[in-house]
Amino acid sequence: MQSWEINFDGLVGPTHNYSGLSAGNLASMKHGKQHSNPREAALQGLKKMALLHSLGLRQAVLPPQERPSIPHLKRLGFSGSDAEILKKAHQLAPLLLNQCSSASCMWVANSGTTAPSTDSVDGKVHFTTANLVCKAHRSIEADSTAAAFRSIFKGPLFTHHSALPANDDWGDEGAANHTRLAPTHGAPGLHLFVYGRTVANPKAKAPKRFPARQTLEASQAVARLHGLTDSQTVFAQQNPQAIDAGVFHNDVISVGNENVFFFHSECFLNEKAVLSEIQTKWKALGDKPLTLIRVSNKDVPLKDAVKSYLFNTQLVSVPAGGMALIAPQECETTPSVRRYLKKLIQSGGPIRKVHYPELRQSMQNGGGPACLRFRVVLNETELAQTAPGVFIGDKKLAVLEMWVAKHYRDRLAATDLADPKLLVESRTALDELTQILGLGSLYPFQRS
């Protein structure tokens with residue numbers, strides 16, 4: 001039975017803003033308090049989806065969450081009408097209001113982790129929602145993410161696991177710290193889980209400047225929930241120095257697709273041992289060779305890799321043949337990266353083409369092409385059971401572009417988050433979106 005990897009991209013929400021909430025994410029910290037353009041951000045995201053669709057890839061969307069999150073503000077003690085709650089929060093707890101208004105759910109690489117039916121012990125597609133406990137503004141996403149997953153992937157072919165306990169010991173950042181390698185998307189694969197620290201060994205090497213967001217214990221728990229065995233998994237520790245250099249997630253320093261793993265030499269703490277384990281366990285998957293593309297500090301300094309998001313690219317198999325990188329334009333404007341990618345394409349290896357979509361609005365807030373997508377491998381039967389309205393085609397793209405133009409502002413400052421009109425605009429947009437995507441009453445305000 002044929003299988004496909006579907007890229008589910010996060011639709012940028014109407015409250016896309018630069019509040020600088022993510023310590024360790026250099027771009028987020030740099031652009032904090034600047035004005036954003038939600039309309040431009042959403043349209044840029046849709047154009048990236050259109051690019052992948054034009055390459056012949058299966059493309060779908062995940063909806064944004066309701067922001068500002070009135071339920072979360074109520075949970076933290078604010079009461080009254082929605083307008084009164086926003087006013088009080090702005091006056092008494094402006095940081096909290098910023099956290100409850102973040103559009104960070106657009107980066108759905110952090111929405112959860114998935115395992116295809118070919119890999120799981122029960123032959124079902126598994127989903128575990130990420131708890132994202134490291135950052136307050138992201139920790140409020142889990143319930144809404146789980147609701148979206150259950151609305152899109154319905155029925156007995158799919159198994160949905162709740163987010164891990166909301167505790168630092170179980171810090172789980174989703175697929176941004178997970179890579180699946182396989183001879184083909186539909187074949188059994190090898191799961192690489194990357195973590196920043198382990199609770200069991202507090203004396204182990206750890207970053208000194210920025211937090212290590214993913215724990216080994218969380219990664220192991222997700223692997224167990226998905227029914228993955230030792231022979232199917234590799235657990236590798238991030239290089240602490242890379243985390244301190246701005247590699248807050250592993251997808252800022254490596255990316256994999258089918259039988260290709262593209263990574264920087266500063267990726268792992270014990271690189272030799274990690275690569276040896278990957279290669280040993282890969283041999284059990286068949287005769288197709290595994291291609292490791294290692295980028296040295298000499299070719300691309302780590303600071304340039306972080307600045308350009310060279311590895312926060314999408315590495316995709318193109319139906320016409322070979323693989324392509326979907327890279328931010330910053331890769332083209334960073335000299336060392338531009339030179340390296342030119343050599344890479346000319347080398348005759350599996351990566352034959354680089355595409356540079358405009359994603360500046362997302363990049364300035366710390367999210368590149370890979371942050372914006374959640375990859376799910378589905379076979380024909382599973383695909384038929386997935387909500388059809390979330391899949392992208394030319395007509396759906398045109399409808400969504402008109403929807404953005406109708407509802408989104410072209411300028412947003414942090415002070416605008418207290419505007420009750422913004423909440424009304426956002427809810428109106430999301431109510432219409434669920435009709436466009438055929439998802440029913442997905443949001444709390446629709447059910448209340």
Side-chain angles (χ1 to χ4, degrees), residues 1-8 57-58 60 108-130 149-150 152-164 172-195 214 216-236 250-251 254-261 274 277-291 314-317 370 373-386:
M1 186 181 299
Q2 188 174 1
S3 295
W4 298 269
E5 179 185 76
I6 295 96
N7 289 283
F8 284 81
L57 300 171
R58 302 264 177 155
V108 294
N110 300 118
S111 60
T113 310
T114 183
S117 55
T118 52
D119 298 355
S120 62
V121 67
D122 60 1
K124 296 182 179 181
V125 183
H126 285 250
F127 298 89
T128 296
T129 304
F149 280 166
R150 293 177 186 275
I152 294 170
F153 305 101
K154 291 182 179 179
L157 301 179
F158 307 105
T159 297
H160 295 274
H161 304 283
S162 300
L164 300 181
D172 178 24
E173 299 285 308
N177 287 322
H178 168 264
T179 301
R180 180 178 182 265
L181 301 168
T184 64
H185 291 310
L190 178 65
H191 295 252
L192 172 62
F193 290 89
V194 181
Y195 63 94
Q214 183 86 21
L216 169 61
E217 288 75 10
S219 296
Q220 291 171 329
V222 172
R224 288 193 296 269
L225 288 168
H226 293 184
L228 303 176
T229 64
D230 178 71
S231 63
Q232 296 172 290
T233 54
V234 174
F235 298 95
N250 184 63
D251 65 2
S254 76
V255 60
N257 177 60
E258 292 193 326
N259 68 321
V260 175
F261 186 51
V274 171
E277 184 178 359
I278 290 174
Q279 290 170 313
T280 298
K281 292 182 175 180
W282 175 265
K283 292 177 182 177
L285 299 178
D287 298 328
K288 192 170 184 178
L290 175 66
T291 300
Q314 289 179 253
L315 181 58
V316 296
S317 299
R373 65 92 177 91
F374 182 66
R375 298 181 284 184
V376 183
V377 173
L378 301 173
N379 63 34
E380 295 174 9
T381 306
E382 295 153 356
L383 191 62
Q385 296 299 312
T386 304

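Nothing here was measured: the structure is a model prediction, and the numbers come from that model.
- Take D122 and apply the side-chain hydrogen bond (donor to acceptor under 3.5 Å, both in side chains) test, not counting sequence neighbours, and it matches S120, H126.
- By the ring-ring contact (aromatic ring centres under 6.0 Å, His included) test, F153 is found to be paired with F8, F127, F158, residues two or more places apart in sequence or in another chain being considered.
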Under the side chain to side chain contact (heavy atoms under 4.5 Å, CB included) criterion, do R58 and N7 qualify, and how do the steps go? CA-CA 7 Å; R58 302 264 177 155; N7 289 283; over 6 Å; no
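- Applying the side-chain hydrogen bond (donor to acceptor under 3.5 Å, both in side chains) criterion to N379, with sequence neighbours excluded, gives E382.
- The side-chain hydrogen bond (donor to acceptor under 3.5 Å, both in side chains) check on D119 picks up R180, H191, with sequence neighbours excluded.
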Please evaluate residues T386 and I152 with respect to the criterion side chain to side chain contact (heavy atoms under 4.5 Å, CB included), reporting the C-alpha separation (whole Å), side-chain torsions for both, the decisive distance (0.1 Å), and the verdict. CA-CA 6 Å; T386 304; I152 294 170; 3.7 Å; yes
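- Distance check: I6 CD1 to L383 CG gives 5.0 Å after rounding to the nearest 0.5 Å.
- Distance alone, capped at 3.5 Å, is enough to place a donor-acceptor pair between the K288 side chain and the P183 backbone.
- Without hydrogens or angle criteria, N177 side chain to N250 main chain gives a donor-acceptor distance under 3.5 Å.
- Under the salt bridge (charged side-chain N to carboxylate O under 4.0 Å, His left out) criterion, E277 pairs with K281, not counting sequence neighbours.
- Remark: S317 pairs with N257, E258 by the side-chain hydrogen bond (donor to acceptor under 3.5 Å, both in side chains) rule, at least two apart or across chains.
- In terms of the ring-ring contact (aromatic ring centres under 6.0 Å, His included) criterion, residue partners of F193 (sequence neighbours excluded) are, by chain and number, H178, F235.
- Between H160 atom NE2 and F149 atom CZ the span is 8.5 Å, to the nearest 0.5 Å.
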In residues 218-229, what donor-acceptor pairs under 3.5 Å come from side-chain atoms, sequence neighbours left out?
residue, atom, partner, partner atom, Å
S219, OG, Q214, NE2, 3.1
S219, OG, T215, O, 3.4
H226, NE2, T128, OG1, 2.8
T229, OG1, S231, OG, 3.0
T229, OG1, Q232, OE1, 3.1

